[in-house]
Amino acid sequence: QVQLVESGGGLVQAGGSLRLSCAAPGRTFGSYVMGWFRQAPGKEREFVAAISRSGSSTNYADSVKGRFTISRDNAANKVYLQMNSLKPEDTAVYYCATRRSYFSNSYHFQPADFESWGQGTQVTVSS
């Protein structure tokens, strides 16, 4: 089990930006595929973005493609989610997660594909 801590959430107006961070202390950070998911009230947790172990490949849900950017710094044991042009429908609790198995840049990841999760950070976008 990997301990993950998200930060950077908050309240922002539509069209604004936020940058989420996820810290994953430990020497094995670079061995994990990292992902971001979100869960809005009354809805299931959904895939947002994922990044390969090296950071050279990324995968995005269609709903955020072109607006969100996932990145990682393996030396700092951190993964980031830069969110631009935010919309009210982006309002949710955002979670980072780790995956030991393979990375795909086209597969629509499911929550069950990831093993360890953070506690989440709230993002609220006002209209």
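Here, residue 1 is the first one in the sequence, and each next residue gets the next number.
Between Phe109 and Phe103, the ring planes lie tilted relative to each other; the angle falls in the 30° to 60° range.
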Candidate pair Leu81 and Val48, rule side chain to side chain contact (heavy atoms under 4.5 Å, CB included), full reasoning = CA-CA 9 Å; Leu81 187 67; Val48 175; 4.1 Å; yes
Given the rule in the side chain to side chain contact (heavy atoms under 4.5 Å, CB included) test, do Thr91 and Gln122 qualify, once you have shown the distances and angles that lead to the verdict?
-> CA-CA 8 Å; Thr91 295; Gln122 176 70 48; 4.0 Å; yes
Report the C-alpha distance between Arg45 and Arg38 in whole Å, list the side-chain angles of each, state the deciding distance to 0.1 Å, and finish with yes or no for side chain to side chain contact (heavy atoms under 4.5 Å, CB included).
-> CA-CA 6 Å; Arg45 193 168 296 189; Arg38 66 187 181 186; over 6 Å; no
Could you walk me through whether Asn105 and Ser57 pass the side-chain hydrogen bond (donor to acceptor under 3.5 Å, both in side chains) check?
-> CA-CA 7 Å; Asn105 62 8; Ser57 295; 5.1 Å; no
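Clustering ILVMFWY residues whenever any of their side-chain heavy atoms sit less than 4.5 angstrom apart, transitively, puts Leu18 in the very cluster that holds Ile51. Note on Tyr60: it does not cluster hydrophobically with Val33, by side-chain heavy-atom contacts below 4.5 Å among ILVMFWY residues.
Annotation for Gln3: atom CD does not count as buried by contact number, only 12 or fewer foreign heavy atoms lying within 6.0 Å. Counting heavy atoms of neighbouring residues, nucleotides and ligands inside a 6.0 Å radius, atom NZ of Lys43 does not exceed 12 of them.
Summarising the geometry, atom OG belonging to Ser7 is positioned 8.5 Å from atom CD belonging to Gln119; distances are rounded to the nearest 0.5 Å. Rounding to the nearest 0.5 Å places CZ of Phe47 at 9.5 Å from OG of Ser63. Rounding to the nearest 0.5 angstrom, the gap separating the SG atom in Cys22 from the OH atom in Tyr94 is 15.0 Å. Here CD of Glu44 is found 8.5 Å from CD of Gln39. Values are rounded to the nearest 0.5 Å. In this structure, CG on Asp90 lies 7.5 Å from CE on Met83, to the nearest 0.5 angstrom. Between the CE atom in Met34 and the CG atom in Leu4 there is a gap of 5.0 Å [rounded to 0.5 Å].
Geometrically, Arg100 does not engage Tyr102 in a cation-pi contact, judged by NZ or CZ lying under 6.0 Å from the ring centre and within 45° of the ring axis. Judged by the 6.0 Å distance and 45° axis criteria, Arg53 is not positioned over the aromatic ring of Phe29.
For the side chain to side chain contact (heavy atoms under 4.5 Å, CB included) test, residues two or more places apart in sequence or in another chain that qualify with Ser85 are Arg67.
Residue Leu20 is tested with Phe68, Tyr95, Trp36, Tyr80 for a side-chain contact (heavy atoms from CB on, under 4.5 Å); the sole match is Trp36.
In plain terms, the two heavy atoms of Lys65 and Asp62 that are nearest each other are NZ-OD1, 3.1 Å. A pairwise comparison of heavy atoms in Gly26 and Asn77 identifies O-ND2, 2.8 Å as the closest pair. Tyr32 approaches Thr28 most closely through the heavy-atom pair CD1-O, 3.2 Å.
Checking side-chain atoms of Gln82 against main-chain N and O of Thr69 turns up no donor-acceptor pair under 3.5 Å.
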